[in-house]
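Okay, structure first, notes after.
Throughout, protein chains are lettered first and strands after them, A, B, ... in sequence-line order, and every chain is numbered starting at 1.
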Protein chains: 2
Amino acid sequence: MTTVPPGTKAEPCARIERGQGCGVERCGLCEARAVSICNAIEEDQLSELARATTVVELAPGEVFRNEGASPEYLFNIISGSVKLFKLLADGRRAVIGFLTVGDFIGFGRPDAVPCSAEALTNVRLCRFERGKFRVLLETYPKLERRLLAVASDEVAAGQEHMTLLGRLTADERVARFLLARAEASQRLGGSSKDLELPMTRSDIADYLGLTIETVSRVFTRLRRKELIDYKTARSVTLQDRPGLLAISEGG
Amino acid sequence: MTTVPPGTKAEPCARIERGQGCGVERCGLCEARAVSICNAIEEDQLSELARATTVVELAPGEVFRNEGASPEYLFNIISGSVKLFKLLADGRRAVIGFLTVGDFIGFGRPDAVPCSAEALTNVRLCRFERGKFRVLLETYPKLERRLLAVASDEVAAGQEHMTLLGRLTADERVARFLLARAEASQRLGGSSKDLELPMTRSDIADYLGLTIETVSRVFTRLRRKELIDYKTARSVTLQDRPGLLAISEGG
DNA sequence: CGCCCCGTTTGACTCAGATCAATGCGCGCA
DNA sequence: TGCGCGCATTGATCTGAGTCAAACGGGGCG
């Protein structure tokens with residue numbers, strides 16, 4: 001079991017670029033727009049959207065949202081990868097999810113942030129001040145509709161993950177994780193065979209409800225069975241998709 | 001581990017009462033209105049709401065929503081208790097949650113129901129045809145806003161449960177379950193000490209990612225330590241709240 | 001270039017919770 | 001009132017994954 005020493009907290013020294021290239025340009029040229037909630041907003045209203053946002057850059061390891069805090073900001077990921085996690089009092093950690101380009105960060109009860117968020121890679125975020133975001137929602141019903149759809153999806157994804165955590169074996173969990181990663185990669189136009197994993201074995205373990213050692217053992221077992229291959233721990237090739245699928249379903 | 005024999009499916013022989021007491025009366029007098037999403041709709045527009053709904057009655061054990069099916073209907077629970085669950089191919093089961101008065105059933109991707117739903121007690125449901133519900137959302141922005149808030153809450157609750165499933169011990173899980181039940185009971189105006197559990201030990205096990213036997217053993221252990229007491233398996237008294245809280249946090 | 005650090009892998013052993021197997025018991029029904 | 005059927009409890013044993021410990025390896029830095 002991985003535990004985190006209490007009081008380890010990255011200082012929020014984010015470089016902030018405010019309003020550069022404002023108006024249609026910034027949001028209009030945004031690399032993430034097509035896959036983010038912002039695609040619910042019409043071309044000719046992008047300048048109003050841009051006025052409500054600030055672009056933030058983060059380095060790997062930076063924590064930019066703290067569990068339990070008041071949710072001052074909401075975010076869209078423009079580029080890079082992020083992990084969401086929760087800490088228990090004794091240092092046990094649960095990784096709730098891994099997010100990338102286009103993903104929205106900001107669901108939860110209105111009074112407290114449900115989980116902390118940390119950059120895994122260099123990350124560019126589009127940041128909304130909470131009050132301004134609420135105004136946007138009221139102004140653009142399409143945006144609200146889009147957000148409801150995203151939240152609804154997220155509920156379903158959460159239920160899927162609960163099933164994994166509650167009822168699957170270690171092999172099944174890792175196989176599903178790899179297949180899910182492949183699918184996500186494909187959705188963003190990447191390869192569905194060659195995966196770049198921006199997270200450590202420890203992050204994967206905390207995501208799958210396992211230990212580092214178990215995750216590592218399952219990876220090597222899958223490699224020996226020639227279902228996957230890798231030279232470095234962070235870039236994996238799926239060699240036998242049907243085989244992985246069979247394992248993921250309890251084969 | 002509990003497994004379910006394949007092909008066990010309750011026939012959907014729900015008694016349906018259509019449009020009785022229509023208009024303001026039905027929705028206006030609804031016992032669940034104050035705690036459901038319908039409280040986002042003004043008094044004088046309740047008749048339109050009522051026209052979009054049908055009241056359905058179910059007996060314990062009836063499955064009224066099937067994982068994977070197309071989501072034709074959405075529901076609000078008027079009275080009684082419901083469990084949501086997912087089945088794996090080999091019969092393993094994950095219980096996703098227990099719902100009661102005022103709870104909404106209908107989140108998920110638009111193409112497939114994320115999990116099955118079964119009545120635990122006699123249940124009265126308010127049923128919305130999907131198309132009509134969408135029209136309601138478009139007509140009443142407040143309803144949509146309310147639903148987004150509920151979905152957002154649900155995301156956070158799901159994350160909480162993932163943490164439980166991924167990182168807590170059996171004792172911690174059961175203690176949290178009991179405390180959460182107490183809180184839910186209190187929210188609905190019931191006792192926060194005397195709990196009626198509408199679900200079986202098997203349901204609890206599948207909800208907490210444990211086996212029946214482990215759940216049972218933890219219950220008796222908590223009773224021996226005089227943290228809880230019960231005469232029948234389904235009605236539990238919390239005797240030592242702080243003690244339970246300590247256990248739930250890894251005491 | 002070589003050293004150090006941190007993430008990863010591998011091995012030996014342990015243990016919390018699962019599995020297997022009775023037994024208990026409350027409730028509905030005859 | 002007694003019978004039978006599910007659910008629940010309890011006990012004995014097993015095992016998948018955790019823990020502890022050591023070695024490996026690659027990337028960054030002096």
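Under 3.5 Å, the side chains of B:T237 and B:D194 contain a donor-acceptor pair of N or O atoms. Side-chain contact, B:T163 with A:R92: no donor N or O sits under 3.5 Å from an acceptor N or O. If you check the side chains of B:T200 and B:R234, you find no donor sitting under 3.5 Å from an acceptor.
Rounded to whole Å, the distance from CD1 on B:I204 to C1' on D:dC7 is 12 Å. Counting to the nearest Å, the P atom of C:dC27 and the CZ atom of B:R234 are 11 Å from each other. Distance, B:M199 CE to D:dA8 C1': 16 Å, rounded to whole Å. Distance A:E172 CD to D:dG16 P: 12 Å, rounded to the nearest Å. When the C1' atom of D:dT9 is taken as reference, atom CZ of B:F219 falls 13 Å away, rounded to whole Å. The interatomic distance linking B:E213 (CD) with D:dC14 (P) rounds to 16 Å, in whole Å. Regarding A:R173, its CZ atom lies at a distance of 8 Å from the P atom of D:dG18, rounded to whole Å. Between A:D206 atom CG and C:dT8 atom P there is a gap of 12 Å when expressed in whole angstrom units.
Within the nucleic acid shown, A:T169 comes within 4.0 Å of sugar-phosphate atoms alone, with no base atom in reach, counting heavy atoms only.
When the side-chain nitrogen and oxygen atoms of B:Y230 are compared with OP1 and OP2 of C:dG26, none of them lie within a distance under 4.0 Å. For the OP1/OP2 pair of C:dT9 and a distance below 4.0 Å, the side-chain nitrogens and oxygens of A:S216 include at least one atom meeting the criterion. Within the 4.0 Å cut-off from OP1 or OP2 of D:dA17, not a single side-chain nitrogen or oxygen of A:T214 is found. For the pair B:R201 and D:dT9, the criterion of a side-chain N or O lying under 4.0 Å from OP1 or OP2 is met.
Residue-to-nucleotide proximity on DNA chain D shows that, of A:L168 and B:R224, the 5′-proximal contact is made by B:R224. Between A:G209 and B:T200, the residue anchored nearer the 5' end of DNA chain D, judged by the nucleotide with its closest heavy atom, is B:T200.
A donor-acceptor pair is defined here as one N or O able to donate and one able to accept, closer than 3.5 Å; no such pair exists between the side chain of B:R124 and the backbone of B:S79.
Taking the ring centre of B:F219 as origin, the terminal cationic atom of B:R201 falls inside the region bounded by 6.0 Å and 45° from the ring axis.
Taking only distance into account, the side chain of B:R221 never meets the base of D:dT9 through a donor-acceptor pair shorter than 3.5 Å.
The side chain of A:T220 has C:dT10 as its nearest neighbour among D:dA17, D:dT9, C:dT10.
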